[in-house]
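Remember, predicted model here, so these are calculated numbers, not experimental data. A, B, ... follow the sequence lines: proteins, then strands. Residue 1 opens every chain.
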There are 2 protein chains.
Amino acid sequence: MTAATPLVPPTTTADALGRSRTVLANEAWEAALTAHAVLMRRFAEEDVWHGLSMREYDVLYTLSKCERPQRIGELGRHVLLSQPALSRLVDRLVDRRLLTRCADPADARAAHISLTTAGRALQREVGLAHGAAVAQAMTTVLTDEELDLLRTLSLKLAQE
Amino acid sequence: MTAATPLVPPTTTADALGRSRTVLANEAWEAALTAHAVLMRRFAEEDVWHGLSMREYDVLYTLSKCERPQRIGELGRHVLLSQPALSRLVDRLVDRRLLTRCADPADARAAHISLTTAGRALQREVGLAHGAAVAQAMTTVLTDEELDLLRTLSLKLAQE
DNA sequence: CGTTGATAGATGCAAACGCATATAATTGCC
DNA sequence: GGCAATTATATGCGTTTGCATCTATCAACG
């Protein structure tokens, strides 16, 4: 038994990186928040919105991916907005003839929301231009592998 | 020259994954947005905020990382909020004795914002509990390597 | 059936937000 | 030094938001 035998405990990955697991998590979250803010700001100032707010577009986009009409509650799961705020946002889009509310024969409480033809057309138009801006912003700094990795990590985070 | 020579163009990584680079970027962004929304909602409903909104905490946190007092404009770079909204948010926090405004001798336009003792104490208290919630949420679904990767990808996205 | 509790969505209201613009101070250029 | 352009922040105002609460409907159980 030599005095040179290393007696330090085996390092974890976090130790090897010089940070605790908690710090690692918080640094990752802070970086993600910053990236979110930077990109949201950049996308918001693109001239592609045709009078929609990003939240309004978010609702149109969510509906565009759905085959069947959605309830307010369902939409709420995809949009970071309180139920009353979402309810009124839908009101406004209905007033603008971009959405329709129709009754559910099986549940009189529910409001089924769906895109009008105009709503779908507007979503497509905005989506095309916005999607191009998203691609532009992300592909200039990330490789294909990194984009795929970001998607994978994000899906893990979003899972319950 | 044989007829068996493959004449298809070399596949890119995106082709190999079966998606175009644009689609890849948009899928990554959508997943990131979803993760952001899911986690924000979860963090917001944690009972750690002591009467602060998350945006207000964001300002206290940003200031807590700075040695010197910051201008409104500097804070604005870190917070996803319009300049007037930030100006009034600071007003409210000053009214609550969590921040102080002091004049800049070299530039009478500028408002130097800094934490009061109470503001710093509140940030620490909230930060401790919130940081724990962040760590909890992220470490249960991501490994250390993945956390570090997320941080790296996010920093790349936020650059420029 | 009828009452109780849960669920979907709407509404009252005060607080907070964004846009446009005002105010005030600085910089640059003649 | 004086005037235009720019920068930093504040304010007016209409819109949107969140919280609390309300209404209406459904589900479940005696």
Residues in contact with DNA chain D, drawn from residues 44-62 of chain B - heavy-atom cutoff 4.0 Å = none

List for me each residue that meets side chain to side chain contact (heavy atoms under 4.5 Å, CB included) alongside Glu45(B), sequence neighbours excluded, and say none if there are none.
-> none

Separation of Asn26(A) CG from Leu33(A) CG (nearest 0.5 Å) = 10.0 Å

Considering residues at least two apart in sequence or located in another chain, which fulfil the side chain to side chain donor-acceptor pair (under 3.5 Å) criterion with His130(A)?
-> none

Please check if atom CG in Asp95(A) has more than 12 non-hydrogen atoms from other residues, nucleotides or ligands closer than 6.0 Å.
-> yes

To the nearest angstrom, the CG-C1' distance between Leu80(B) and dT17(D) comes to 15 Å

Apply side chain to side chain donor-acceptor pair (under 3.5 Å) to Arg109(A) and list each qualifying residue two or more places apart in sequence or on a separate chain.
-> Asp107(A)

Qualifying residues under side chain to side chain contact (heavy atoms under 4.5 Å, CB included), relative to His78(A), sequence neighbours excluded | Thr62(A)

Listed partners of Arg55(A) passing side chain to side chain donor-acceptor pair (under 3.5 Å), at least two apart = none

Would you say Arg92(A) has more than 12 foreign heavy atoms packed within less than 6.0 Å of its CZ?
-> yes

Inspect the contact between Lys65(A) and Glu30(B) and indicate whether a charged nitrogen and a carboxylate oxygen are less than 4.0 angstrom apart.
-> yes

Note: chain A reaches DNA chain C at heavy-atom distances under 4.0 Å over the stretch, first to last nt, 5' to 3', of dT7(C) to dC13(C)

Under the side chain to side chain donor-acceptor pair (under 3.5 Å) test, which residues partner Glu125(A), sequence neighbours left out?
-> His50(A)

Main-chain N/O of Arg71(B) paired to Glu74(B) side chain as donor or acceptor, under 3.5 Å = no

DNA chain D: Leu86(A) or Ala108(A), which has the more 5' nearest nucleotide?
-> Leu86(A)

Per-nucleotide protein contact along nucleotides 3-11 of chain D, 5' to 3', at a 4.0 Å heavy-atom cut-off (B base, S sugar-phosphate only, - neither), is ----BSBBB

Those residues at least two apart in sequence (or on a different chain) that pass side chain to side chain contact (heavy atoms under 4.5 Å, CB included) with Glu146(B) are Leu153(A), Lys156(A), Leu142(B), Thr143(B)

Can you list, by residue number, the residues of residues 34-42 of chain B that have a non-hydrogen atom closer than 4.0 angstrom to DNA chain D?
-> none

Residues two or more places apart in sequence or in another chain: which of them pass side chain to side chain contact (heavy atoms under 4.5 Å, CB included) with Ala85(B)?
-> Leu81(B), Ser82(B)

Just checking Ala106(B): base, sugar-phosphate only, or nothing, at a heavy-atom cut-off of under 4.0 Å?
-> sugar-phosphate

